[in-house]
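Down below is the structure, laid out as structure tokens.
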Number of protein chains: 2
Amino acid sequence: MSTRVTMRDVAEAVGMSPMTVSRALREDRTVSAKTRARVRQIADELGYVYDSTAQAFRTQKSGFVAVTLPSINNANFAETFRALTNGLGEMSLQLLLGSTNYRVAREEELVRQLLTRNPEALILTGGHHTDATRSLIQGRGLPVIEMWDLPADPLGHVVGFSNGDAMAPIVDHLARTGRRKLAFVGASEGADMRGAARRAGVVAAARARGLPEVAMIDAGPAPVSMRHGAAAIEAVGRDVARYDALVCVSDPVAFGCLSAVQRMGLRVPGDLAITGFGHFEVAKVSHPRITTVNVQAEDIGRQVVTLLQGIFDGEVDTAMRVDVGSELVVGETS
Amino acid sequence: MSTRVTMRDVAEAVGMSPMTVSRALREDRTVSAKTRARVRQIADELGYVYDSTAQAFRTQKSGFVAVTLPSINNANFAETFRALTNGLGEMSLQLLLGSTNYRVAREEELVRQLLTRNPEALILTGGHHTDATRSLIQGRGLPVIEMWDLPADPLGHVVGFSNGDAMAPIVDHLARTGRRKLAFVGASEGADMRGAARRAGVVAAARARGLPEVAMIDAGPAPVSMRHGAAAIEAVGRDVARYDALVCVSDPVAFGCLSAVQRMGLRVPGDLAITGFGHFEVAKVSHPRITTVNVQAEDIGRQVVTLLQGIFDGEVDTAMRVDVGSELVVGETS
DNA sequence: CGGTATCATGTTACCGGTATCAATTGCGAC
DNA sequence: GTCGCAATTGATACCGGTAACATGATACCG
């Protein structure tokens, strides 16, 4: 069994102390250029691989930033994640990702697990958590950022937008173009809190505009996607024509609805308007293009990075609340 | 500064040694049930959080399995990832994810970084790597699994399918239904090796069936998705009608092509057949449904888990090669 | 030329768990 | 009561880096 190559081995080969090797490999300028080069070369020759675990242990800095996402199969979250990876990578931080499948209980378990890795910050998607999650997080000095939401009672910092408020422009737009009988298509009440907030936003906006009560079309438990939207409309059948507009919880759901409606021979937007949420690629590409709301997923990631930089540099003392906003993008389905 | 709660603190509070606390928290049956319960309770009261870093350091087992994916914004990879998360979670292993953006140079950097975390296994998507990556990996005892491909010269174990061979049934199907003038729509030569393999598979199959040379429609650098497919077809314009069939590198690209073609007023499959790859949701839901190839992304994840179990249990000595296959799914676009 | 600043390197201890082996206790059998 | 064995618990060392401080060598100053 060839035991692994450590700094000590490199040091011995170089004829210097482990400390010097450590410094050399970290580009410490107190080590002479000559020594540094020699250490590098010999480390390579021996196939030395640095042990981040030991470093994390000794320095009590893991180099990890923990992130929870409801689902990794979501273009918007993926974009945020990519922005985080890039931004934090430049700060030599590595993302430790966990996916909650839209369940707060799973989130709790995940946070528990992630915390044992001693992350330097915790980034949660959404603002709803179990009490246990909250108490797990509180009290440690750990910076916490909730994103993709603007919770009323945040755990720490917040970078997001109001899922409820974001729906008002859609309802406005539909009302202005003469639609009155709206139906909301989304997941069943329960796990997806951002979806629920959007639903509530639609209901409130419709009331404010004096529209009739919004009908609810249930697409099943979260996460809901294209096929759930299509199946929900198929279940409703041609009765769907009794609505003026389908307001969907997300673009994939909207696309599912669009396909199902087209399949029935109804015309969009002639017979029925359809709107989505999230500015997913499918909304931009589909025929007709789906009216949606752009939430600037990438910007959320970038803002989180900026915020974390400020936190690590000690420039942030109070809990920040960044509203990245959202904007209506009118397509061809309304 | 309230220094963190350690096992020693818990031990002191309980009035026992840290060793006993360690055992109690790990459900070691040599600790009496009474002691275990007391330790648990006091640990909770003190807000003790276990330190996996210390454990990883001492035991030299990180509890990590490193995974590289080309892109996390891909439903198929996401499905594999989910299967891995679930399966490995049951073995108390945590995934350490990195995304390569379809670039082998980025993969090299990523592998280097991941290896410093001392993972217990390394799972790579695809079978093409830089020489440096290969030499980084070789020689350590680390189990390596390449997935989503069947490389000729594997690094270790393999769970995947042949991207080239998977295209033959598509070409067969198109040829049988009278299509002769095929065009392949995919990323430019370069980064995406699985895409290139698919392209080569189409060219080879077309030759074998005596079809005319396959035309190439370039959708730009990888990763290519819906909008790149659409843009590529828009660039070609109505000349696209000179082809019988568009064979696309993936379902999202196929969907982009479909939309663009429909937008031009051409009929699918009347004027033109379109095929995709990957059995993405969009292929099942779009109107018309896209003919595609099902690659069983989830099964790949499950097989990798099974394989890893075998490896950790010492039941696997030789390099395994698991072909999960693929199957044509005929839709309405051909 | 002595004294001090600067640069390069070394020594020691320690981060928080756990493997290993030793010690103690409890209990039934004889 | 004593012995033997199992059931518990404890003591010690160690995993591989690096912070903090110490040391030795060299340069530079008046």
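Naming: A, B, ... by sequence-line order, numbering from 1 per chain.
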Polar contact flag, side-chain donor to acceptor under 3.5 angstrom, B:T116-B:R112:
no
When you compare the side chains of A:H128 and A:E107, does any donor N or O come within less than 3.5 Å of an acceptor on the partner?
no
Can you tell me the distance, in whole Å, between the [atom1] atom of [X] and the [atom2] atom of [N]?
{"X": "B:M19", "N": "D:dC14", "atom1": "CE", "atom2": "C1'", "answer": "13 Å"}
{"X": "A:K61", "N": "C:dG16", "atom1": "NZ", "atom2": "C1'", "answer": "19 Å"}
{"X": "B:L25", "N": "D:dT9", "atom1": "CG", "atom2": "P", "answer": "13 Å"}
{"X": "A:M16", "N": "D:dT23", "atom1": "CE", "atom2": "P", "answer": "19 Å"}
{"X": "B:R38", "N": "D:dT9", "atom1": "CZ", "atom2": "P", "answer": "10 Å"}
{"X": "A:M7", "N": "D:dC15", "atom1": "CE", "atom2": "C1'", "answer": "14 Å"}

Out of [options], which nucleotide sits closest to the side chain of [X]?
{"X": "A:R58", "options": "C:dG10, C:dC15, C:dT18", "value": "C:dC15"}
{"X": "B:R8", "options": "C:dG17, D:dG16, D:dT9", "value": "C:dG17"}
{"X": "A:D51", "options": "D:dG17, C:dA19, D:dT8", "value": "D:dG17"}
{"X": "A:Y50", "options": "C:dT9, D:dT9, D:dT18", "value": "D:dT18"}
{"X": "B:Q55", "options": "C:dT9, C:dT18, C:dG16", "value": "C:dT18"}
{"X": "B:S32", "options": "C:dA19, D:dT8, C:dG16", "value": "D:dT8"}

Sort out the partner of D:dG30 for me: Watson-Crick or G-U wobble, both distances under 3.5 Å, none otherwise.
C:dC1
Can you tell me the pairing partner of D:dA20 across any strand shown, Watson-Crick or G-U wobble, with both distances under 3.5 angstrom?
C:dT11
Taking for each residue the nucleotide of DNA chain D bearing the nearest heavy atom, is the 5' side occupied by B:Q60 or by A:R23?
B:Q60
First of A:T20 and A:F57 reached from the 5' end of DNA chain C, by closest nucleotide
A:T20
Ion pair present between [X] and [Y], side-chain N to carboxylate O less than 4.0 angstrom?
{"X": "B:R8", "Y": "B:E12", "answer": "no"}
{"X": "A:R134", "Y": "A:D131", "answer": "no"}
{"X": "A:R4", "Y": "A:D51", "answer": "yes"}

Base, sugar-phosphate alone, or nothing: which one does B:T59 contact when heavy atoms must sit under 4.0 Å apart?
sugar-phosphate
Between B:T35 and D:dT9, is there a contact of a side-chain N or O with OP1 or OP2 at under 4.0 Å?
yes
Is there a donor on the side chain of B:R26 or the base of C:dG17 sitting less than 3.5 Å from an acceptor on the other?
no
